[in-house]
Amino acid sequence: MRKIFFIGSNKTCTSTFHETLIDAGIKSRHNPRWCAHSIAENKEFFEEWDAFSDGRGNGNLEWLDKTFNSFFVFNTRNIKDWAVSRWNHAERNKGSAAYRRR
């Protein structure tokens, strides 16, 4: 089955894409770990979902395309808007232990 990959930085609408796909009945995963699984060419990881977001595009895109006839969407935004959104995200989450570890 053809897979959809949203590639681009965080804070570029990846959560909204993910939620929209779920609302449309498409099995979507919003987590950057798909990139590492593509580099490892772990085909089993990709079998459960049809769309992936929040990956920053640093996976093995050539393998994904060859293996799943993938559709790639490059999402981006104005640098100033991205920086403000990224700052706000960090401020909202800085109390989280998991966020501090990152």
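Please read these numbers as outputs of a predicted model, since none were measured by experiment. Values below: every heavy atom of this structure, side chains too, minus hydrogens, waters and symmetry copies.
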Check your understanding: How long is the gap from OG on S53 to CD1 on I7, to the nearest 0.5 Å?
Key -> 12.0 Å
Revision key, fill the gap. So the side-chain hydrogen bond (donor to acceptor under 3.5 Å, both in side chains) pairs with at least one residue in residues 42-52 (sequence neighbours excluded) are H37-N42
Revision key, fill the gap. Rounded to the nearest 0.5 angstrom, the CH2-CG distance for W34 and N60 is 10.0 Å
Revision key, fill the gap. Separation between CG (D54) and SG (C35), nearest 0.5 Å, reads 8.5 Å
Exercise for review: Return the set of residues passing side-chain contact (heavy atoms from CB on, under 4.5 Å) with V84 (not counting sequence neighbours), or none when no residue passes.
Suggested key: N88
Check your understanding: What is the minimum heavy-atom distance between N75 and F17, and which atoms define it?
Key -> CB-CE1, 3.8 Å
Practice item. Over all heavy atoms of both residues, which pair between F74 and T76 is shortest? Give the atoms and the distance, please. Key: CE2-CB, 3.9 Å
Practice item. Determine, step by step, whether L64 and K3 satisfy the side-chain contact (heavy atoms from CB on, under 4.5 Å) criterion, reporting the C-alpha distance in whole Å, the side-chain angles of both residues, the deciding distance to 0.1 Å, and the verdict. Key: CA-CA 8 Å; L64 290 169; K3 306 289 183 183; over 6 Å; no
Check your understanding: Looking only at heavy atoms, which two atoms of G59 and S38 are closest? And how far apart?
Key -> CA-OG, 3.3 Å
Review point. Can you hop from I39 to F45 via hydrophobic side chains spaced under 4.5 Å?
Key: no
Practice item. Please state whether the rings of F68 and W63 are parallel, tilted or perpendicular, taking 30° and 60° as the class boundaries. Key: perpendicular
Exercise for review: Hey, can you tell me if F46 and F5 have their rings parallel, tilted or perpendicular (30° and 60° cut-offs)?
Suggested key: perpendicular
Point to revise | Interatomic distance, L21 atom CG to F52 atom CZ [nearest 0.5 angstrom] | key: 11.0 Å
Check your understanding: Take atom CZ in F71; do more than 12 heavy atoms of anything else shown fall under 6.0 Å from it?
Key -> no
Exercise for review: Kindly state each residue pair satisfying side-chain hydrogen bond (donor to acceptor under 3.5 Å, both in side chains) with at least one member in residues 13-26, sequence neighbours excluded.
Suggested key: S15-H30, H18-S28
Check your understanding: With a cut-off of 6.0 Å (strictly less than), are more than 12 heavy atoms of other residues, nucleotides or ligands near CZ of R77?
Key -> yes
